[in-house]
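Structure record follows, encoded as structure tokens.
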Amino acid sequence: MKAVVWHGVGDIRLDEVPDPKILEPSDAIVRLTRSAICGTDLHLVRGTMPGMVPGTVLGHEGVGVIEEVGPAVRGFTPGERVVIPSTIGCGTCVYCRAGYFAQCDTVNPGGGTCFFGGPESTGPVDGLQAEYARVPFAMTSLVHLPDNVTDDQAILLSDIFPTAWFGARLAEVGEGDSVLVLGAGAVGQFAIASAKRQGAGRVFAVDGLPSRLDLARKQNAETIDFNREDPVALVRELTGGIGVDRVIEAVGVDARQPSSGPAAQDADFEEERRVAAPEAAPSGDQWVPGDAPSQAIRWAVQAVAKAGTIGVIGVYPPGFDRFPLGEAMNKNLTLHMGNCNHRRYLPGLVGMVAKGAFEPTDFITQHEEPASAIEAYETFDRREEGWLKTVLDVAG
């Protein structure tokens, strides 16, 4: 089968690889009909998420049709349409039973989150940018799809909608809250939508790309271009000098400094860049990590009101340790962070879409065939205007 395969930092290829097989009684084989390219995938290629094993199939978003199930799989049969949660959980350990599927102690004993297409420390498990995939613990790692939920709708439920919903929960968004969303990429757009549906009274969105800010405005977010305005100063001004009640940080370690405007500084992030991406190997304007790894989290701490809450869903690698602890402590802030427990939220979000309460496909900006996947990666990586969410049409 064809699959997008990681060979090294800055080196991914569309390869012919063996079809996956049932390895454990609880496995299922899914024929993918949709996959997608996520910002997290770029971390793996840019080198800001270390420890990748050469030969690993990339991708952690998938929708498809069950081809085969192991003897321990009940409730799923070949031919059924399913969406695959990005993080893998067994469903029976103490963490999974408590809803912390991203910290499953069976899939990755003593480690952190196990997700499809991730580094060695996550398992690893081959990913979903392929024609077929092996899904471990299928009873937990698959969710049925109603007939009226399309593949395009469902692929956005595999990772980014649950992650954004989780981000709003981490930030403790409640009725009437003012909320700042840092980053208006795909996850940031869904974070705006999630905050509003969890009761936010006002939502501010910060980004540096006009096309992303335009999309945020369509959701009635109050937008801030960090290349033209100082986001912290403006948020304080617009909130009577107080700051926002909640912040959802949807940027992570690939944050970039403002290129112009009052927020542009001569801040030295060089040491942070070495910590965040020690193996980075950019080639011209390709595979370039963010030049200000702690920028977004610093803005979050500065812009939130005293005794406010920050939810961090932007990706930070295990070795990254730059955080304004003193400022956060002296403002009595609450900080929640982590990888999404997708399986906890996915069924409810599938139901929301099935009922017509939310249309996720508004945020798809590109459809690509698998043969164009590498070129799509390269264009998305260069942070070009208009590239928000790329869906791979693996099969019709």
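Just so it is clear, the structure is predicted and the values come from calculations on it, not from any experiment. Sequence positions, counted from 1, serve as the residue numbers for this chain.
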(request) Check the surroundings of atom CD in Glu375: do more than 12 heavy atoms from other residues, nucleotides or ligands lie under 6.0 Å from it? (result) no
(request) Give a yes or no on whether a salt bridge exists between Arg273 and Asp291, defined as a side-chain N under 4.0 angstrom from a carboxylate O. (result) no
(request) Output all residues satisfying ring pair (Phe, Tyr, Trp, His ring centres under 6.0 Å) with Phe190, sequence neighbours left out; order by chain, then residue number. (result) Phe161, Phe358, Phe363
(request) Determine whether Asn220 and Lys196 make a side-chain contact, defined as any pair of heavy atoms from C-beta on separated by less than 4.5 Å. (result) yes
(message) Restricting to salt bridge (Lys or Arg N to Asp or Glu O under 4.0 Å), what partner residues turn up for Asp362, sequence neighbours left out?
(response) none
(message) Please find the pair of heavy atoms, one from Gly64 and one from Thr33, that lie closest to each other, and give the distance.
(response) CA-OG1, 3.6 Å
(message) To check you understand the geometry: which heavy-atom pair defines the closest contact between Gly62 and Ser158, and what is its length?
(response) N-OG, 3.1 Å
(message) Going by side-chain hydrogen bond (donor to acceptor under 3.5 Å, both in side chains), name the residues that satisfy it together with Arg81, two or more places apart in sequence or in a different chain.
(response) Asp151
(request) Kindly write out the residues that satisfy ring pair (Phe, Tyr, Trp, His ring centres under 6.0 Å) with Phe76, not counting sequence neighbours, or none if the list is empty. (result) His144
(request) Show your working on side chain to side chain contact (heavy atoms under 4.5 Å, CB included) between Lys389 and Gln189 and close with a plain yes or no. (result) CA-CA 10 Å; Lys389 188 61 179 178; Gln189 298 292 339; over 6 Å; no
(request) Would you name the heavy atoms of Asp159 and Ser86 that are closest together and state the gap between them? (result) CB-OG, 2.9 Å
(request) Provide the full list of side-chain hydrogen bond (donor to acceptor under 3.5 Å, both in side chains) pairs with a residue in residues 201-218, sequence neighbours left out, each pair given once. (result) Arg202-Glu222, Ser211-Glu385, Asp214-Arg217, Arg217-Thr223
(message) Under a 3.5 Å distance rule, please check whether Asp177 uses its side chain to pair with a backbone N or O of Ala200 as donor and acceptor.
(response) no
Using atom types as modelled, flag every donor-acceptor pair under 3.5 Å from a side chain in residues 105-112 to any protein atom, sequence neighbours excluded.
unit_1	atom_1	unit_2	atom_2	d
Asp105	OD1	Gly110	N	2.9
Asn108	ND2	Gly112	O	3.1
Asn108	ND2	Ser121	O	2.8

(message) Any side-chain to backbone donor/acceptor pair from Asp27 onto Leu23? Under 3.5 Å, distance only.
(response) yes
(request) State, with a plain yes or no, whether a side-chain heavy atom of Arg34 is found less than 4.5 Å away from one of Asp393. (result) yes
(request) State the OG1-CZ distance between Thr122 and Phe116, to the nearest 0.5 angstrom. (result) 10.5 Å
(request) Take Gln129 and Glu61, measure what side chain to side chain contact (heavy atoms under 4.5 Å, CB included) needs, and give me the verdict at the end. (result) CA-CA 8 Å; Gln129 291 170 5; Glu61 298 169 276; over 6 Å; no
(message) Between Arg343 (side chain only) and Thr140 (backbone N and O only), is there a donor and an acceptor less than 3.5 Å apart?
(response) yes
(request) Go through the structure and list residues passing side-chain hydrogen bond (donor to acceptor under 3.5 Å, both in side chains) with Thr56, not counting sequence neighbours. (result) none
(request) Please collect all side-chain hydrogen bond (donor to acceptor under 3.5 Å, both in side chains) contacts where either partner lies in residues 277-286, sequence neighbours excluded, each pair once. (result) Gln286-Asp381, Gln286-Arg382
(request) Specify the closest pair of heavy atoms between Gly338 and Leu170, including all atoms of both residues, with the distance to one decimal. (result) N-CD1, 4.2 Å
(request) Find the distance between NE2 (His342) and OG1 (Thr163) and round it off to the nearest 0.5 Å. (result) 3.5 Å
(request) With rounding to the nearest 0.5 Å, note down the distance linking CG in Leu157 to OH in Tyr345. (result) 15.0 Å
(message) Please enumerate all residues that pass ring pair (Phe, Tyr, Trp, His ring centres under 6.0 Å) together with Phe380, with sequence neighbours excluded.
(response) none
(message) I'd like to know if Arg13 pairs up with Asp11 as an ion pair, taking the criterion as any Lys NZ or Arg NE/NH1/NH2 lying under 4.0 Å from an Asp or Glu carboxylate oxygen.
(response) yes
(message) Taking Ile88's backbone N and O only, do any of them form a donor-acceptor pair with Ser141's side chain (distance below 3.5 Å, no angle check)?
(response) no
(message) Salt bridge or not between Arg274 and Glu271? Use side-chain N to carboxylate O under 4.0 Å.
(response) no
(request) Check whether any side-chain N or O of Asp230 sits under 3.5 Å from a backbone N or O of Ala263 as a donor-acceptor pair, and report yes or no. (result) no
(request) State which residues pass ring pair (Phe, Tyr, Trp, His ring centres under 6.0 Å) with Trp299; sequence neighbours excluded, sorted by chain then number. (result) Phe226
(message) Looking at every non-hydrogen atom in both residues, tell me the closest pair between Ala133 and Gly127 and how far apart they are.
(response) CB-O, 4.2 Å
Donor-acceptor list for residues 301-320 side chains, cut-off 3.5 Å, not counting sequence neighbours:
unit_1	atom_1	unit_2	atom_2	d
Thr309	OG1	Glu172	OE1	3.2
Thr309	OG1	Arg246	NH1	2.9
Tyr316	OH	Glu249	OE2	2.5

(message) Just to verify, what does Arg228 make a side-chain contact (heavy atoms from CB on, under 4.5 Å) with, not counting sequence neighbours?
(response) Asp225
(message) I'd like to know if the side chain of Asn227 pairs up with that of Ser260 as donor and acceptor (distance under 3.5 Å, no hydrogens or angles considered).
(response) no
(request) Report yes or no: does Glu272 contribute a side-chain atom to a donor-acceptor pair with the main-chain N or O of Ser294 at less than 3.5 Å? (result) yes
(message) side chain to side chain contact (heavy atoms under 4.5 Å, CB included), that's the test. Do Trp165 and Gln198 meet it? Break it down for me.
(response) CA-CA 9 Å; Trp165 192 267; Gln198 291 181 33; 3.2 Å; yes
(message) Assess whether a salt bridge exists between Lys2 and Glu16, defined as any Lys/Arg side-chain N lying under 4.0 Å from an Asp/Glu carboxylate O.
(response) yes
(message) Distance check, rounded to the nearest 0.5 Å: Ile66 atom CD1 versus Leu142 atom CG?
(response) 5.5 Å
